[in-house]
Amino acid sequence: IQDHKKSTYGILNLNDDAFQLGFAPESVANLLNPITVEMYDYKNIIYAHTYPNFGISDVTQKLWAYIHQQSGSIKSSFNNPCLVRGYTANFTNPYNKKTYLMIGSGNFDTCRTFAKHVFNLGQVCPYPHCAINGTYQPPVYGQFYAYGYFAAVATHTGIPQSAKVSQYIAGGQTYCDTNLTTLQLRFPEETGEELATYCFISAYSTSVLVDAVGFSTKTADILFTLDVNSIELGLSLGAMMSKFNDIMIYDQPVLELTTSALILTILLSICFFVGIVISLLLRMSYQKYLRSQGMQQQQKPIIDVNWDF
């Protein structure tokens, strides 16, 4: 981090509640709401944005309702391409409050098409480049760390951390084509629901990267990982992304007076000055008293200091 010539790394985070991204754009000309990050006296202009309600938990139920609607089924069951074959589950539609049986049909490409619907990409964009819900976003640039569910998908699909986006997609397609029984043998510590849902997570996260954010399928600039230099990426980094302006790191120790220390120094100085004034006033008052008593000439020093050694 002390080498200013090294490229910066952007961040991609997909969790249960939100999707987040932050990076240093190639060009800062006409950049809206830029964030200046100063580290080691070196400044970077950053774009960062958090999309609440676009996390896995928030999207799932809405997407299931949309898939049911698009199926046109009036029966008590419907096929869900975002869940692997061999998995079934009850689903209560949040809109009509009816319960249906979902039957996993495991089709990555169809699931991605459905997932793309939630981003409202057809909304009019008043800026040169937009992403989810017509939100301004400059074109992605540079290298990225992708953690959270991005990294979890890489683990479940068996692709390398440095995989191209095209490999990420191919891994998701293979995973969705795999039946639940095979996946349970491969990941015995996970529940059937978790394993079945990773088909959806792989398709949805792909749509986030390619359809919403704008990564090319050919890019190899994303590292899918849960840690950097053995330091786990987690909620703290996600929270910090909204606090970039508060970060100030220096490469050499700097002696600084904090606000509290400065106030304390001023108060002590005032007290010292007031103490001197009071001492002088008391001395003058005492001398005036002695003169009034005719004892000024008789007064002896309290302390007789002999300077002869």
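When a residue number appears, it is its place in the shown sequence, counting from 1. Predicted model only: the values in this text are computed from it and were never measured.
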Output the distance between atom [atom1] ([X]) and atom [atom2] ([Y]), rounded to the nearest 0.5 Å.
X    : Y    : atom1 : atom2 : answer
T135 : Q123 : OG1   : CD    : 7.5 Å
Y136 : C130 : OH    : SG    : 9.0 Å
F91  : S77  : CZ    : OG    : 13.5 Å
D211 : K116 : CG    : NZ    : 4.5 Å
Q167 : I222 : CD    : CD1   : 11.5 Å
N107 : Q173 : CG    : CD    : 9.0 Å

- Should the pair F144 and F215 be assigned to parallel (<30°), tilted (30 to 60°) or perpendicular (>60°) ring geometry? perpendicular
- Could you check whether the rings of Y47 and H49 sit parallel, tilted or perpendicular, using 30° and 60° as the cut-offs?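 The rings of Y47 and H49 lie parallel, inter-plane angle below 30°.
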For the residue pair [X] and [Y], establish whether any side-chain heavy-atom pair is separated by less than 4.5 Å.
X    : Y    : answer
I56  : N15  : no
Y100 : K98  : yes
L195 : L180 : yes
Y175 : L183 : yes
Y198 : Y149 : yes
F119 : V208 : yes

List the atom of [X], the atom of [Y], and the distance in Å for their closest heavy-atom pair.
X    : Y    : answer
G134 : P126 : O-CD, 4.4 Å
T50  : A18  : CG2-CB, 4.1 Å
H156 : F187 : O-CZ, 3.6 Å
A151 : L226 : CB-CD2, 3.6 Å
V118 : F54  : O-CE2, 3.4 Å
L121 : A131 : CD2-O, 3.8 Å

- Item | Cysteine SG atoms at C176 and C199 closer than 2.5 Å |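 Yes, C176 links to C199 through a disulfide.
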- Task: Applying side-chain contact (heavy atoms from CB on, under 4.5 Å), run through I169 and F108 and close with a yes or a no.
- Result: CA-CA 9 Å; I169 294 173; F108 177 92; 3.7 Å; yes
- Query: Can you list the residues that meet the side chain to side chain contact (heavy atoms under 4.5 Å, CB included) rule with Y95, with sequence neighbours excluded?
  - Reply: K62, A65, N93
- Where do Y168 and F150 land on the side-chain contact (heavy atoms from CB on, under 4.5 Å) test, with the steps shown first? CA-CA 9 Å; Y168 189 86; F150 291 117; 3.7 Å; yes
- Task: Group every Ile, Leu, Val, Met, Phe, Trp and Tyr by side-chain heavy-atom contacts under 4.5 Å, then state whether V165 and I159 land in the same group.
- Result: yes
Aromatic centroids of [Y] and [X] separated by under 6.0 Å:
X   : Y    : result
F78 : W64  : no
Y9  : Y145 : yes
H68 : Y66  : no

Any donor and acceptor pair, going by atom type alone, linking the side chain of [X] with main-chain N or O of [Y] inside 3.5 Å?
X    : Y    : value
S207 : Y204 : no
T178 : T174 : yes
T219 : S216 : no
Q137 : V213 : yes

Side-chain donor-acceptor distances from residues 79-89 under 3.5 Å, at least two apart:
unit_1	atom_1	unit_2	atom_2	d
N80	OD1	C82	N	2.9
R85	NH1	D177	O	3.1
R85	NH2	D177	O	2.7

- Item | Exercise: do T92 and T99 side chains pair donor with acceptor under 3.5 Å | yes
- Message: Under the criterion side-chain contact (heavy atoms from CB on, under 4.5 Å), I'd like the reasoning laid out for L63 against F200: C-alpha separation, chi angles, the key distance, then a yes or no.
- Response: CA-CA 10 Å; L63 188 61; F200 156 67; 3.2 Å; yes
- Item | Heavy-atom neighbours of E193 CD exceed 12 at 6.0 Å |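 Not more than 12 within 6.0 Å, no.
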